[in-house]
Peer 1: 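Following this message is one structure expressed as structure tokens.
The first residue in the sequence is number 1, and the count goes up from there.
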Amino acid sequence: MKILVVDDEIKIADAMVERLRLRGFEATPAYDGNTALERLRTGAFDGMILDLRLPDIEGIAVLQKTRKKTPDLKVIILSGHGNEHDFKICLEMGACACFHKPAKITEIVEALTCP
């Protein structure tokens, strides 16, 4: 399963990529929203872990653009700043789960692998 990890905090993104790789996922980091959108456009991914607060484009905008191009992509929201209202909007837009940082890797993996 190919996962795109989008977070502007490089250490957090790289740690998530490593944790996913240790669990058998093929994970790729993107450190901003525009890079994430470009990687989604040029590569085939099964899922994305997306931070809401990015320096160049808000995560909700990335989710909205992603839904137009790849409506079946599993999207997990992982945010240190998101609130319940933000999470509700993301779920309505098609995210399959939302977690506050720090989230347990087991919960994230479960959300990525659920039908």
Side-chain angles (χ1 to χ4, degrees):
M1 187 173 212
K2 289 181 67 173
I3 308 298
L4 181 62
V5 177
V6 186
D7 199 313
D8 62 314
E9 295 181 60
I10 294 171
K11 288 182 181 181
I12 290 175
D14 289 348
M16 179 62 66
V17 165
E18 183 61 27
R19 288 174 160 184
L20 290 169
R21 288 178 179 165
L22 289 171
R23 287 161 178 80
F25 292 90
E26 187 178 330
T28 303
Y31 306 117
D32 61 65
N34 287 314
T35 300
L37 291 170
E38 179 63 21
R39 290 208 170 125
L40 287 168
R41 188 183 70 74
T42 60
F45 290 91
D46 303 300
M48 175 170 60
I49 298 171
L50 176 63
D51 188 11
L52 288 181
R53 303 292 182 258
L54 298 168
D56 58 342
I57 181 173
E58 288 293 317
I60 288 177
V62 173
L63 176 60
Q64 184 177 34
K65 291 176 184 227
T66 299
R67 282 288 158 248
K68 289 179 183 177
K69 304 275 184 185
T70 53
D72 296 330
L73 183 75
K74 282 189 175 186
V75 178
I76 309 295
I77 303 298
L78 183 63
S79 181
H81 302 286
N83 57 44
E84 295 309 314
H85 176 72
D86 293 334
F87 285 176
K88 181 180 179 200
I89 290 170
C90 291
L91 291 169
E92 289 171 354
M93 292 174 64
C96 59
C98 299
F99 299 105
H100 290 282
K101 289 179 184 175
K104 294 181 180 177
I105 189 68
T106 54
E107 293 175 333
I108 294 167
V109 167
E110 185 178 320
L112 287 170
T113 58
C114 73

Peer 1: So, for F87 and F99, which heavy atoms are closest and what is the spacing to 0.1 Å?
Peer 2: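 For F87 versus F99, the nearest heavy atoms are CZ-O, 3.6 Å.
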Peer 1: Looking at every non-hydrogen atom in both residues, tell me the closest pair between P71 and R67 and how far apart they are.
Peer 2: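 Distance-wise, the nearest heavy atoms are O-NH1, 2.9 Å.
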Peer 1: State, to 0.1 Å, how close P55 and D8 come at their nearest heavy-atom pair, and which atoms those are.
Peer 2: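 Nearest pair, atom of P55 first, then D8: CD-CB, 3.4 Å.
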Peer 1: Give me each pair satisfying side-chain hydrogen bond (donor to acceptor under 3.5 Å, both in side chains) with a member in residues 77-86, each pair once, sequence neighbours excluded.
Peer 2: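 Listed once each, the pairs are R53-D86, E84-H100.
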Peer 1: Are any of the side-chain heavy atoms of D7 and K101 separated by less than 4.5 Å?
Peer 2: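 D7 vs K101: side chains touch.
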Peer 1: Please check if the side chain of D32 supplies one atom and the backbone of D56 the other of a donor-acceptor pair under 3.5 Å.
Peer 2: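 A pair under 3.5 Å: no.
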Peer 1: Would you sort out whether V75 and C96 count as a side chain to side chain contact (heavy atoms under 4.5 Å, CB included), showing the intermediate values?
Peer 2: CA-CA 6 Å; V75 178; C96 59; 5.8 Å; no
Peer 1: Specify the closest pair of heavy atoms between G47 and L73, including all atoms of both residues, with the distance to one decimal.
Peer 2: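 In terms of heavy atoms, the two residues are closest at N-CD1, 3.4 Å.
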Peer 1: Name every donor-acceptor pair, under 3.5 Å, that has one atom in a side chain of residues 103-115 and the other anywhere in the protein, sequence neighbours excluded.
Peer 2:
{"residue": "T113", "atom": "OG1", "partner": "V109", "partner atom": "O", "Å": "2.9"}
{"residue": "T113", "atom": "OG1", "partner": "E110", "partner atom": "O", "Å": "3.4"}

Peer 1: Can you find a heavy atom in the side chain of F25 that is under 4.5 Å from one in the side chain of K2?
Peer 2: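 Side chain of F25 against side chain of K2, heavy atoms only: no contact under 4.5 Å found.
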Peer 1: Just to verify, which of I3, V5, V6 counts as forming a side chain to side chain contact (heavy atoms under 4.5 Å, CB included) with M48?
Peer 2: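 Testing M48 for a side chain to side chain contact (heavy atoms under 4.5 Å, CB included) against I3, V5, V6 leaves exactly one candidate, V6.
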Peer 1: Tell me whether L63 is reachable from I89 by hopping between hydrophobic residues (I, L, V, M, F, W, Y) whose side-chain heavy atoms are closer than 4.5 Å.
Peer 2: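 Yes, one cluster joins them.
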Peer 1: Provide the full list of side-chain hydrogen bond (donor to acceptor under 3.5 Å, both in side chains) pairs with a residue in residues 14-30, sequence neighbours left out, each pair given once.
Peer 2: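 Counting only pairs at least two positions apart or across chains, the side-chain hydrogen bond (donor to acceptor under 3.5 Å, both in side chains) contacts touching residues 14-30 are D14-Y31.
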Peer 1: Considering non-hydrogen atoms only, spot the tightest contact between L54 and V62 and give its length.
Peer 2: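 In this case the closest contact between L54 and V62 is CD1-CG2, 4.3 Å.
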Peer 1: Under the criterion side chain to side chain contact (heavy atoms under 4.5 Å, CB included), I'd like the reasoning laid out for L52 against C90: C-alpha separation, chi angles, the key distance, then a yes or no.
Peer 2: CA-CA 9 Å; L52 288 181; C90 291; 3.7 Å; yes
Peer 1: Are the side chains of M16 and I49 in contact, using a 4.5 Å heavy-atom criterion?
Peer 2: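 Side-chain contact under 4.5 Å: yes.
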Peer 1: Output the distance between atom CE (M1) and atom CG (D46), rounded to the nearest 0.5 Å.
Peer 2: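 Here the interatomic distance stands at 5.0 Å.
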Peer 1: For the residue pair I60 and I77, establish whether any side-chain heavy-atom pair is separated by less than 4.5 Å.
Peer 2: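 No, every pair of side-chain atoms sits at 4.5 Å or beyond.
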Peer 1: Once you round to the nearest 0.5 Å, how far does OG1 of T66 lie from CG of D72?
Peer 2: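 Answer rounded to 0.5 Å: 12.5 Å.
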Peer 1: Please name the pair of heavy atoms, one in V17 and one in A27, separated by the smallest distance, quoted to 0.1 Å.
Peer 2: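 It is CG1-O, 3.7 Å.
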Peer 1: Evaluate whether atom NZ of K88 has more than 12 neighbouring non-hydrogen atoms of other residues, nucleotides or ligands under 6.0 angstrom away.
Peer 2: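 Counting other residues, nucleotides and ligands, NZ of K88 stays at 12 neighbours or fewer.
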Peer 1: With rounding to the nearest 0.5 Å, note down the distance linking CD1 in I57 to CD in Q64.
Peer 2: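 Answer for the CD1-CD pair, I57 versus Q64, is 9.0 Å.
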